Amino acid sequence: MKFSAFAAETIPYLLAAFLAAAAISFVLTPLVRRVALRVDAVDEPGLRRVNVIPIPRGGGVAVAFAFISVAVILALSNGALEFFREPIAKDLGRLLALLLGGALAAAFGVIDDYLDLRARWQFVGQLGLAGLAIGLGIVVVQINNPVGPGITRLDQPFAVGFTALWIVGMINSINFIDGLDGLSSGVALIAALTLGTISLTAGIAQPFVAVLCFALAGALLGFLRWNFQPASVFIGTSGVMFVGYTLAILSILGTAKVAVALLVLGVPIIDAFWIIVRRLVQGRSPFSPDRGHLHHRLLDVGLSHRQTVLLIYAVCIVLSLLSLFLSGANQILAFVGVFVVIGLVLFLLARVNVGGNGPDPDLQPAGNEQGG
């Protein structure tokens, strides 16, 4: 891994954006929590929930506000002073896709946090967000060749379909792993820092995108202070929609870093895939809730809440380091390896649970849950 010549010059902007977003999120989260309590937007204890007392949701509003406010100030300042001259810093359409789309994602999530919308309506909202992003110029036109060196260019219809799948898939991956205190926000924090770091390497050289990634990481860190176990507030659908959407867009902006995001977010993406496959095989809706997620399985075999979260953090950090030191087809190969390993782990954990720790959690009565 080799950093670009201007990476060192970008560090002050990275730190400023990171710290500003963290401070805003840290201060705003308790205020959002009080509003959520007042309007009764809370998660009650249940079969698939780990909280034993009602916990307010909607903390994603603080994360979204912190990131968007810092990003807007950054974009306006750059327009006047031109700290960053890369094309994406002046591309109004794609910046609008990031910021307006992120705001709409959070707003739609707030509606769900308050009304508990059915999964089908959440999916419609996700497709709408993907359509908005594509209409404003966010399209994956090339990806790393999965079987060799170089890149593979995507024809327009396939590029549009792949982009929509990527955005919707990213939102649902974050949603499905949002089941333990601090889990989704911590995993997203690791991903944002990694995408920001990779954006400073010589092969990509996108300091403006890097600063945006660090602003998102700061917003998540400020929120994580209140969300880590024992959480006093959940990120809610507002956070899931916003974080999933924003990570998807940041991984596409400029030089698409889809392979990097695939590897860094390997745990939630692969967990989501196997969960959907298992539910379909069982003749159930892919969005029907259960306790079959990786984090639930780890809890069922005896790990504590905090141990489970820290273990998944550790796996994500290892994958993050791999994404920084691997390139091209090697990143895809690493993702395939992780895909197989996590699938095997989920299979073995399910057999252990069924064999000796009570009823299969997949067969327990349905109900609402934090996470999909």
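Given the structure is predicted, the values throughout are model-derived calculations rather than measurements. Values reported hereafter were calculated over all heavy atoms of this structure, with side chains retained and with hydrogens, waters and symmetry mates removed.
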Could you check if a side-chain atom of V70 sits within less than 4.5 angstrom of a side-chain atom of I73, using non-hydrogen atoms only?
no
Is it the case that R279 places NZ or CZ above or below the six-membered ring of F273, under 6.0 angstrom from the centre and within 45 degrees of the axis?
no
Under the salt bridge (charged side-chain N to carboxylate O under 4.0 Å, His left out) test, which residues partner R38, sequence neighbours left out?
none
Approximate separation, where rounding is to 0.5 Å, of L193 CG and I317 CD1:
9.5 Å
For F67, check ring pair (Phe, Tyr, Trp, His ring centres under 6.0 Å) against everything at least two apart and list the hits.
F242
Are the side chains of W226 and F26 in contact, using a 4.5 Å heavy-atom criterion?
yes
F18: ring pair (Phe, Tyr, Trp, His ring centres under 6.0 Å) partners, not counting sequence neighbours
none
F228: partners by ring pair (Phe, Tyr, Trp, His ring centres under 6.0 Å), with sequence neighbours left out:
none
List for me each residue that meets side-chain contact (heavy atoms from CB on, under 4.5 Å) alongside L104, sequence neighbours excluded, and say none if there are none.
L100, L129, L132
Name every donor-acceptor pair, under 3.5 Å, that has one atom in a side chain of residues 160-168 and the other anywhere in the protein, sequence neighbours excluded.
{"unit_1": "T163", "atom_1": "OG1", "unit_2": "V140", "atom_2": "N", "d": "2.9"}
{"unit_1": "T163", "atom_1": "OG1", "unit_2": "A159", "atom_2": "O", "d": "2.7"}
{"unit_1": "W166", "atom_1": "NE1", "unit_2": "S251", "atom_2": "OG", "d": "3.0"}

Do F108 and V110 share a hydrophobic cluster, counting only Ile, Leu, Val, Met, Phe, Trp and Tyr and linking them when any side-chain heavy atoms are less than 4.5 Å apart?
no
Would you give the length of the straight line joining atom CG of L74 to atom CZ of F84, rounded to the nearest 0.5 angstrom?
6.0 Å
Can you hop from V267 to V341 via hydrophobic side chains spaced under 4.5 Å?
yes
The single option from L180, L311, V309 passing side-chain contact (heavy atoms from CB on, under 4.5 Å) against L298:
L311
